Visitor: 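One structure, pasted below without further comment.
Residues: numbered from 1 along the sequence shown. The shown structure was predicted, so the numbers you read here are calculated from the model rather than taken from an experiment.
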Amino acid sequence: MRIVGLTGGIGSGKSTVSNLFKAHGIPVVDADVVARDVLKKGTGGWKKVVAAFGQDILRPDGEVDRPKLGQIVFSDPEKRHLLNKLLAPYISSGIFLAVLKLWMKGCKIIVLDVPLLFEAKIDRWTKPIIVVWVDPETQLQRLMSRDGTSEEDAKSRISAQMPLDLKKARADILIDNTGSLEDLNNNFQKALVYVTKPLTWTEFGLSRQGAFLACIFIFFGVIICRKVF
C-alpha cells in the first residue's frame with residue numbers, strides 16, 4: 001500500500017489538488033474532515049476543547065463555532081498549541097481508522113491530505129510527500145479573496161503555519177499552483193504519473209492483497225514442513 005502525503009499552506013489551493021485525486025479515483029483521507037468529526041457535540045474532543053476554551057466558543061445548538069475558535073487560536077500561539085495538543089490524539093486515531101477502512105477495501109494508493117503533515121510528524125508514515133506551493137504574495141491575495149479577510153488577519157493565519165518554502169524543501173513532489181487552473185492541472189498530471197507507478201515489493205506487501213498472499217504462503221509452508229519433518 002502506498003500512502004501519499006499531501007500538504008501545502010492556507011490559500012495554496014491544496015484542496016483543489018485533493019479534489020483532483022478524488023476525481024481520478026484515488027481515495028483521500030482529509031484531516032480537516034476528521035477534525036470536524038472529532039469536534040462534534042458530545043465527542044471526547046468536543047468535551048476537552050470546551051473545558052479548555054469555555055462555553056463562549058459554542059453556537060446556540062451546542063456545536064463549536066469553528067470560525068470563532070479559529071480567531072482565538074490564530075491570534076494566540078499558546079492557545080493554538082493547546083488546541084493542537086488536545087485534538088492531536090483524536091485526529092491521529094481518526095486518520096488511522098480511515099486508512100484502515102480503505103486498506104480493508106483493498107485500496108493500494110491512499111492520499112493523506114494533512115495541513116500539518118510535518119508539524120504533526122505524520123510525514124514519517126507517507127511516501128511520496130506532495131507539497132502544493134505558491135509564492136507568498138499569491139498566497140496572501142488568494143486567502144484574502146477567498147475568505148474576505150483583511151490583510152492583517154490573512155497574514156496572521158499564514159504565519160501560524162510552517163512557511164511554504166520550508167515545506168517545499170522537504171517535498172518529494174512539488175506542485176506549483178502560482179499560475180492558472182490549466183497550469184495546475186498539467187502539474188498535477190505529472191505528479192499523478194509518479195503516484196500511480198507500480199507498487200514496490202514492500203508497498204505491495206503492506207497492501208491487503210500482499211497480506212493475503214503472505215498468509216497463504218505461510219499456511220502452505222507450515223503444511224509442507226509438517227509433511228517433510
Visitor: How far apart are the closest heavy atoms of W103 and I110, and which atoms are they?
Guide: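 W103 and I110 have their closest heavy atoms at N-CD1, 4.4 Å.
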Visitor: For the atom pair CD1 (I130) and CG (L117), what is the distance rounded to the nearest 0.5 Å?
Guide: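 Spacing of CD1 (I130) from CG (L117) equals 10.5 Å.
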Visitor: Going through the checks in order, is the side chain to side chain donor-acceptor pair (under 3.5 Å) test met by N19 and T16?
Guide: CA-CA 5 Å; N19 289 332; T16 302; 5.6 Å; no
Visitor: Are Y194 and V132 co-members of a hydrophobic cluster defined by side-chain heavy atoms under 4.5 Å apart?
Guide: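 Yes, it is one cluster - the side chains of V132 and Y194 are joined through contacts under 4.5 Å.
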Visitor: With a 3.5 Å distance limit and no angle check, can you tell me whether S156 reaches the backbone of S75 through a side-chain donor-acceptor pair?
Guide: no
Visitor: Applying the side chain to side chain donor-acceptor pair (under 3.5 Å) test to W133, which of T178, D165, N177 qualifies?
Guide: D165
Visitor: With a 3.5 Å distance limit and no angle check, can you tell me whether W125 reaches the backbone of I3 through a side-chain donor-acceptor pair?
Guide: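 Checking the backbone N and O of I3 against the side chain of W125, no donor-acceptor pair under 3.5 Å is found.
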Visitor: Please name the pair of heavy atoms, one in T7 and one in P115, separated by the smallest distance, quoted to 0.1 Å.
Guide: OG1-O, 3.0 Å
Visitor: Could you note down all residue pairs passing side chain to side chain donor-acceptor pair (under 3.5 Å) where residues 134-152 supplies at least one of them, sequence neighbours left out?
Guide: D135-T138, E137-Q141, D147-R157, S150-D153, E151-K155
Visitor: According to a 4.5 Å side-chain heavy-atom criterion applied to Ile, Leu, Val, Met, Phe, Trp and Tyr, with indirect links allowed, do M144 and F74 form part of one hydrophobic cluster?
Guide: no
Visitor: Identify the two heavy atoms, one from E63 and one from K41, that lie closest to each other, and give their separation to 0.1 Å.
Guide: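 It is OE1-N, 3.0 Å.
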Visitor: Looking at residues at least two apart in the chain, or sitting in another chain, which of them share a side chain to side chain contact (heavy atoms under 4.5 Å, CB included) with H24?
Guide: F188, Q189, L192
Visitor: Sequence neighbours excluded, which residues qualify as side chain to side chain donor-acceptor pair (under 3.5 Å) partners of D76?
Guide: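 With neighbours one apart ignored, the set is empty.
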Visitor: Which heavy-atom pair separates S18 from V28 by the least distance, and what is that distance?
Guide: OG-CG1, 3.3 Å
Visitor: Please walk me through it: do V33 and D113 pass side-chain contact (heavy atoms from CB on, under 4.5 Å)?
Guide: CA-CA 10 Å; V33 173; D113 181 350; over 6 Å; no
Visitor: Run the side chain to side chain contact (heavy atoms under 4.5 Å, CB included) test against A191 and tell me which residues pass, sequence neighbours left out.
Guide: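 Counting only residues at least two positions away or on another chain, A191 forms a side chain to side chain contact (heavy atoms under 4.5 Å, CB included) with I173, I175.
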Visitor: Checking side-chain polar atoms at under 3.5 Å, does D123 have a donor or acceptor matched by the opposite partner on T126?
Guide: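 No - no donor-acceptor pair under 3.5 Å links their side chains.
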Visitor: Does L116 belong to the same Ile/Leu/Val/Met/Phe/Trp/Tyr cluster as L164, with side-chain heavy atoms less than 4.5 Å apart forming each link?
Guide: no
Visitor: Please round to the nearest 0.5 Å and tell me the distance separating atom CG of D172 and atom NZ of K127.
Guide: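 Reported to 0.5 Å precision, the distance equals 3.5 Å.
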Visitor: Do K190 and V193 have side chains that approach each other closer than 4.5 Å (heavy atoms only, starting at C-beta)?
Guide: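 When only atoms from C-beta onward are counted, V193 and K190 do not touch, as no gap falls below 4.5 Å.
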Visitor: Can I get a per-line list of side-chain donor-acceptor pairs under 3.5 Å for residues 83-100, giving both atom names and the distance, sequence neighbours left out?
Guide:
unit_1 : atom_1 : unit_2 : atom_2 : d
N84    : ND2    : R80    : O      : 3.3
S92    : OG     : A88    : O      : 2.9
S93    : OG     : P89    : O      : 2.9

Visitor: Can you name the nearest heavy-atom pair linking V29 to L102, along with the distance?
Guide: CG2-CD1, 3.7 Å
Visitor: Looking at every heavy atom in both V195 and V4, which two are closest together, and how far apart are they?
Guide: CG1-CG2, 3.8 Å
Visitor: Is it true that a side-chain atom of D183 and a backbone atom of S180 form a donor plus acceptor pair closer than 3.5 Å?
Guide: yes
Visitor: Consider only side-chain heavy atoms of I, L, V, M, F, W and Y, link residues closer than 4.5 Å, and tell whether M162 and V134 are in one cluster.
Guide: yes
Visitor: Give the C-alpha distance, both sets of side-chain angles, the deciding distance and a yes or no for side-chain contact (heavy atoms from CB on, under 4.5 Å) between K14 and V17.
Guide: CA-CA 5 Å; K14 176 179 60 62; V17 174; 5.6 Å; no
Visitor: Passes side-chain contact (heavy atoms from CB on, under 4.5 Å), I57 versus D65? Steps please.
Guide: CA-CA 6 Å; I57 64 168; D65 187 331; 5.6 Å; no
Visitor: Side-chain heavy atoms nearer than 4.5 Å, only ILVMFWY residues, links allowed to pass through others: does that put I10 and L6 together?
Guide: no
Visitor: Show me the pairs that pass side chain to side chain donor-acceptor pair (under 3.5 Å) and involve residues 47-60, at least two apart or across chains.
Guide: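 Checked against side chain to side chain donor-acceptor pair (under 3.5 Å) - neighbours excluded - the pairs reaching residues 47-60 are R59-D61.
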Visitor: Do the side chain of R170 and the main chain of I129 share a donor and acceptor less than 3.5 angstrom apart?
Guide: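 No: the side chain of R170 does not pair with the backbone of I129.
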Visitor: To the nearest 0.5 Å, what is the distance between CG (L199) and CZ (R2)?
Guide: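 It comes to 5.0 Å.
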